[in-house]
Amino acid sequence: MKAFLGMGLLGSNFVKAMLQKGETVQVWNRTATKANALEQYGAKAVDNSFEAVQDADSIHVTLKDDTTVDEVLAAASKGFQPGAIIIDHTTTSVKGAIQRTRYWKSKGFTYLHAPVFMGPQNALESTGFMLVSGDQAVIEKHSPALATMTGKLINFGEQEGKASALKLSGNLFLLSLTAGLADALALAKVHGIAPSDLLTLFNTWNPGAAVPARLKKITEATFNEPSWELNMARKDVGLMMDAATEASTTLTVIPGIAKVMDQWIAKGHGRDDWSVIAKDSL
């Protein structure tokens with residue numbers, strides 16, 4: 001039997017998927033109506049977190065942050081059965097994931113941080129990506145069950161907290177991507193271009209497809225083999241900023257990029273590949 005604590009959009013759809021696979025699931029949420037709503041699908045909703053985890057061999061968690069996870073697990077712990085594993089899908093700090101792994105081990109329980117790149121629909125369909133790292137014996141034991149929850153389970157090895165670090169890095173990129181799209185839309189608007197035309201461009205020329213190759217080039221530090229010189233990239237940035245200024249439009253990302261570009265040009269890297277601006281991050 002499984003327990004699930006935290007019935008937000010992600011948690012509730014994880015539970016629905018488990019129920020569709022024939023699992024027995026007890027659920028709890030601070031707002032009881034969210035847990036109760038899952039009873040129509042076959043879940044058993046309870047009023048207290050410690051009741052939800054009673055008799056559960058695995059306890060799944062999808063909550064807000066480190067503080068919430070710690071509070072909920074502390075309250076639920078009096079109901080933990082011997083040998084139970086806590087599988088936490090919450091996006092948390094690296095420090096928090098490491099501390100919880102060690103703390104619950106000292107209490108005789110297994111804690112595994114398994115953050116996800118999955119939206120609610122992915123959770124319902126068991127698609128998307130789940131990350132794990134840490135004790136390989138634990139991961140090997142529970143991988144078959146975790147694999148049924150996601151399209152791809154990615155094991156990043158023995159380092160505790162590594163899954164959390166990569167989840168945060170991935171989220172940072174997603175946030176940066178959205179901010180970049182906001183700037184692209186703003187610049188298109190300046191030039192009287194409809195958002196649908198920008199979408200047509202990206203559907204035909206997919207810049208996202210270049211991400212792995214760009215990251216590989218950066219990590220190999222082959223900046224002296226330019227495909228786009230920093231000086232030329234900075235020239236284009238100037239055209240973008242000038243157009244936005246003339247239209248009294250504010251860009252979010254590009255001014256910061258321009259500042260970093262200028263710093264690297266001042267260091268004598270103007271003829272290097274523009275990706276040299278990432279050199280100090282290696």
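If you read the sequence from its start, that first residue is 1, and numbering goes on from there. FYI, side chains are in, hydrogens and waters are out, and symmetry mates aren't considered; it's all heavy atoms of this structure.
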*Under the ring-ring contact (aromatic ring centres under 6.0 Å, His included) rule, collect the residues that match up with F80, sequence neighbours excluded.*
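With sequence neighbours excluded, F80 shows a ring-ring contact (aromatic ring centres under 6.0 Å, His included) to W104, F109, given in chain and number order.
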*Rounded to the nearest 0.5 Å, how far does OH of Y111 lie from CG of D88?*
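OH of Y111 is found 3.5 Å from CG of D88.
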_Gap separating the CG atom of L251 from the CE atom of M240, nearest 0.5 angstrom_ =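 So the gap between those two atoms works out to 9.0 Å.
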Going by an N to O cut-off under 4.0 Å, is there a salt bridge joining [X] and [Y]?
X	Y	value
R214	D273	yes
E71	K64	no
E229	R234	no
D70	R100	yes

*Where do M261 and A233 come nearest, in terms of heavy atoms and distance?*
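M261 and A233 have their closest heavy atoms at CE-CB, 3.7 Å.
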*Locate the shortest heavy-atom distance separating S77 from A74; write the atom from each residue and the value.*
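Residues S77 and A74, closest heavy atoms: OG-O, 2.8 Å.
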*Do side-chain atoms of T62 reach the backbone of G6 as a donor and acceptor pair under 3.5 angstrom?*
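Yes; at least one donor-acceptor contact below 3.5 Å.
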*Do K279 and F223 meet the cation-pi criteria used here (NZ or CZ under 6.0 Å from the six-membered ring centre, within 45° of the axis)?*
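Pair K279/F223 does not count as cation-pi.
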*Within 45° of the axis and under 6.0 Å from the centre of the six-membered ring of F129, does NZ or CZ of K152 qualify?*
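Relative to the ring axis of F129, which defines the angle, K152 lies outside at least one limit.
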*Would you say the side chain of D65 lies within less than 4.5 Å of the side chain of T91, judging by non-hydrogen atoms?*
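Heavy-atom side-chain distance check fails, nothing below 4.5 Å.
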*Indicate yes or no: at least one non-hydrogen side-chain atom of K44 is less than 4.5 angstrom from one of V25.*
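K44 vs V25: side chains apart.
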*Which word best sums up how the rings of F4 and H60 line up, parallel for under 30°, tilted for 30 to 60°, or perpendicular for over 60°?*
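Answer is parallel, since the angle falls under 30°.
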